[in-house]
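Every chain is numbered from 1, with letters handed out A, B, ... down the list of sequences.
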Amino acid sequence: MAIPKVMGIETEYGISGPGISEFNPVLASSLLINTFAGALRRIRWDYEQESPLRDARGFEPVQEREPTEEDLGLANVILPNGARYYVDHAHPEYSTPEAATPRDLVVHDKAGERILERSLELARELLPPGERIAVYKNNTDGKGNSYGCHENYLVDRATPFSRIVRDLTTFFVTRQIFTGAGKVGVESTRVEGANVPYQLSQRTDFFEAEVGLETTLKRPIINTRDEPHADPDRYRRLHVIIGDANMCEVATYLKVGTTGLVLKMIEDDALPDLSLDGAVRALHEVSWDPTVRATVRLADGRTATAVELQWEYLDHAKRWAKEQEDTPDNAAVLERWERVLEGLEEEPLSLHRELDWVAKHRLVTAYRERDGLAWDDPKLALIDLQYHDVRRDRGLYHRLAASGKVERLAPEEEVERAMRQPPDDTRAFFRGGCIRRYPDAIVAASWDSVIFDVGREALQRVPMREPLRGTRDHVSDLFERAADAATLVDLLQG
Amino acid sequence: MPEQKRVQKKGGGAGEDADAGQTTAAEKGEKLKEEMDEILDEIDEVLEENAEEFIKSYVQKGGQ
């Protein structure tokens with residue numbers, strides 16, 4: 001039986017200091033985070049359960065841990081909405097709280113953008129006149145340096161990892177047709193001199209392997225990091241590193257909604273073998289073709305387009321869903337998935353209100369035609385970059401959104417609430433509630449723990465090994481009865 | 001070309017319907033062009049100055 005898909009998105013944002021000589025991205029990222037977090041920055045991240053080098057295939061860690069962010073004293077905070085906001089690899093990174101539905105995750109991913117935007121406004125007041133920091137929710141600097149937007153899905157530990165690899169690889173190769181954020185040009189070293197003026201994905205050029213543990217070099221389509229942040233006997237956390245950071249809410253919704261459904265089908269062994277003959281090559285060929293007509297070859301000798309393979313996944317998902325308890329979330333994802341595939345089949349460029357790669361393609365194409373620009377004109381690269389600017393008055397995606405030219409899925413008030421409030425129905429509700437109610441009594445916290453100092457001899461560590469426990473239903477009474485952290489700890493232990 | 005295909009589809013009827021379809025398609029095309037012009041004007045207003053320099057100086061340390 002498939003288990004519920006608790007999900008989250010971690011986004012490394014691009015950061016620069018236009019006009020600042022000797023810009024230091026690490027310090028600038030810390031400044032943004034600390035300014036936003038205020039007094040909350042005192043609470044440490046609890047690293048006890050973390051093991052980013054453990055491998056899902058069962059290998060032992062192969063190298064010593066690098067110094068952690070904690071060792072280096074970099075900003076790393078937990079927010080009252082249950083999110084983690086920290087410096088990673090010289091980028092500000094925002095990890096959403098765990099969400100139980102695709103729509104909630106869309107809202108919290110967007111709330112992350114707003115938190116970066118708000119951080120910029122607060123930090124501006126501290127910078128000398130004439131200096132500013134710019135932040136982009138994208139995945140490449142256009143010069144061969146990439147930074148990630150990772151998805152995380154709770155998966156049943158009993159599911160054989162080999163089946164995940166088999167069934168998910170083809171899905172990832174083909175889902176780019178709706179998850180791609182669009183890119184002017186090509187950065188892959190595989191195709192020197194290739195003629196790729198525009199492609200679907202920001203990230204694809206950086207993927208060179210089918211399966212592996214790495215995330216910063218020789219990146220694999222399926223990442224094997226095995227660090228569940230939950231009961232390791234029951235769960236995996238599938239760490240997906242291949243996605244683009246999306247601005248369009250429909251694209252984010254489909255990205256996590258369809259991937260969640262496919263993972264449930266994998267848990268139920270409900271998919272046929274759609275293995276590709278050369279997944280890495282196919283991945284690139286799909287991204288490099290904005291007509292969405294390129295064919296890939298399957299291991300059984302068939303050829304098919306990415307749209308056709310997505311139809312196969314959708315057909316299986318519909319059949320699978322019929323046998324499940326009817327959930328409105330499944331139905332809504334299936335319905336949107338079908339509509340977008342129909343659009344991609346009939347007229348891909350009609351999806352400029354839904355998909356980033358199409359919205360950006362439309363801007364770049366119109367600009368090119370009006371001003372007679374060549375594809376390598378820096379103005380087009382600038383449009384590509386500024387599409388992802390998080391400022392609502394300057395970011396090009398946000399200008400489209402402001403005048404209703406892209407489709408929003410959630411009202412802005414809901415996004416604003418998500419900047420402060422965790423989702424109701426995951427353990428993020430407990431984590432965020434503790435941070436908001438008892439900030440002075442918390443020494444550290446993490447995905448699966450909160451550590452209290454309530455003035456007793458020992459610190460009190462509250463483990464949260466079940467991602468679906470600690471919800472509003474479970475703990476709102478508890479919170480109401482516990483006026484202070486000491487009472488909370490006593491009630492939990494009682 | 002996908003764009004052509006869609007226009008043909010819309011104007012593919014016979015007699016009066018075809019005429020009506022073509023008028024609508026033309027009006028729609030005009031409206032789309034106006035909308036696009038508006039968008040491009042707005043981009044002109046907000047786009048960072050000196051594109052070449054701006055893009056050259058946007059260099060990131062690689063991440064995950």
Which atoms of [X] are under 4.5 Å from chain B, going by heavy atoms: the side chain, the backbone, both sets, or neither?
| X | answer |
| --- | --- |
| Ala90(A) | side chain |
| Leu380(A) | neither |
| Lys143(A) | side chain |
| Thr291(A) | neither |
| Arg394(A) | both |
| Asp393(A) | backbone |

With a 4.5 angstrom heavy-atom cut-off, could you sort out which part of [X] is near chain A: side chain, backbone, both or neither?
| X | answer |
| --- | --- |
| Ile39(B) | side chain |
| Glu42(B) | side chain |
| Glu53(B) | neither |

- Task: Go through the steps for Ile43(B) and Tyr387(A) under the test side chain to side chain contact (heavy atoms under 4.5 Å, CB included), then give the verdict.
- Result: CA-CA 10 Å; Ile43(B) 294 182; Tyr387(A) 179 86; over 6 Å; no
- Message: Minimum heavy-atom separation for Glu48(B) and Leu382(A), please, with both atom names.
- Response: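 Minimum heavy-atom separation between Glu48(B) and Leu382(A): O-CD2, 3.4 Å.
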- Closest heavy-atom contact between Lys405(A) and Glu38(B)?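 Of all heavy-atom pairs spanning Lys405(A) and Glu38(B), the closest is NZ-OE1, 4.1 Å.
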- Query: Can Asp44(B) and Arg370(A) be counted as an ion pair, charged N to O under 4.0 angstrom?
  - Reply: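 Between Arg370(A) and Asp44(B) there is a salt bridge, with a charged N closer than 4.0 Å to a carboxylate O.
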- Query: Quick one: which residues of residues 353-363 of chain A reach chain B at under 4.5 angstrom, heavy atoms only?
  - Reply: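 Result: Arg362(A), Leu363(A).
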- Considering residues at least two apart in sequence or located in another chain, which fulfil the side-chain hydrogen bond (donor to acceptor under 3.5 Å, both in side chains) criterion with Glu12(A)?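 Result, side-chain hydrogen bond (donor to acceptor under 3.5 Å, both in side chains) vs Glu12(A): none returned.
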- Arg219(A): what forms a side chain to side chain contact (heavy atoms under 4.5 Å, CB included) with it, not counting sequence neighbours?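 For Arg219(A), the residues satisfying side chain to side chain contact (heavy atoms under 4.5 Å, CB included) (neighbours in sequence not counted) are Ser146(A), Arg203(A), Phe206(A), Phe207(A), Ile241(A).
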- Query: Taking every heavy-atom pair that is under 4.5 Å apart, which of Pro378(A), Gly148(A), Ser403(A) has the most such pairs with chain B?
  - Reply: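 Between Pro378(A), Gly148(A), Ser403(A), the count favours Pro378(A).
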- Message: Looking only at heavy atoms and a cut-off of under 4.5 Å, which of Ile383(A), Leu400(A), Ile15(A) has the most pairs with chain B?
- Response: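 The candidate making the most pairs under 4.5 Å is Ile15(A).
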- Message: Using the ring-ring contact (aromatic ring centres under 6.0 Å, His included) criterion, which residues pair with Tyr136(A)? Sequence neighbours excluded.
- Response: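 With neighbours one apart ignored, the set is Tyr58(B).
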- Under 3.5 Å, is there a donor-acceptor pair between the side chain of Asn145(A) and the main chain of Gln60(B)?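 Yes; at least one donor-acceptor contact below 3.5 Å.
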- Query: Do Leu47(B) and Leu396(A) come within less than 4.5 Å of each other through their side chains, counting heavy atoms only?
  - Reply: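 Yes - at least one pair of side-chain heavy atoms lies under 4.5 Å apart.
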- Heavy-atom pairs under 4.5 Å with chain A are the metric here; pick the option from Glu45(B), Met36(B), Glu52(B), Lys56(B) that has the most.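 Option with the greatest count: Met36(B).
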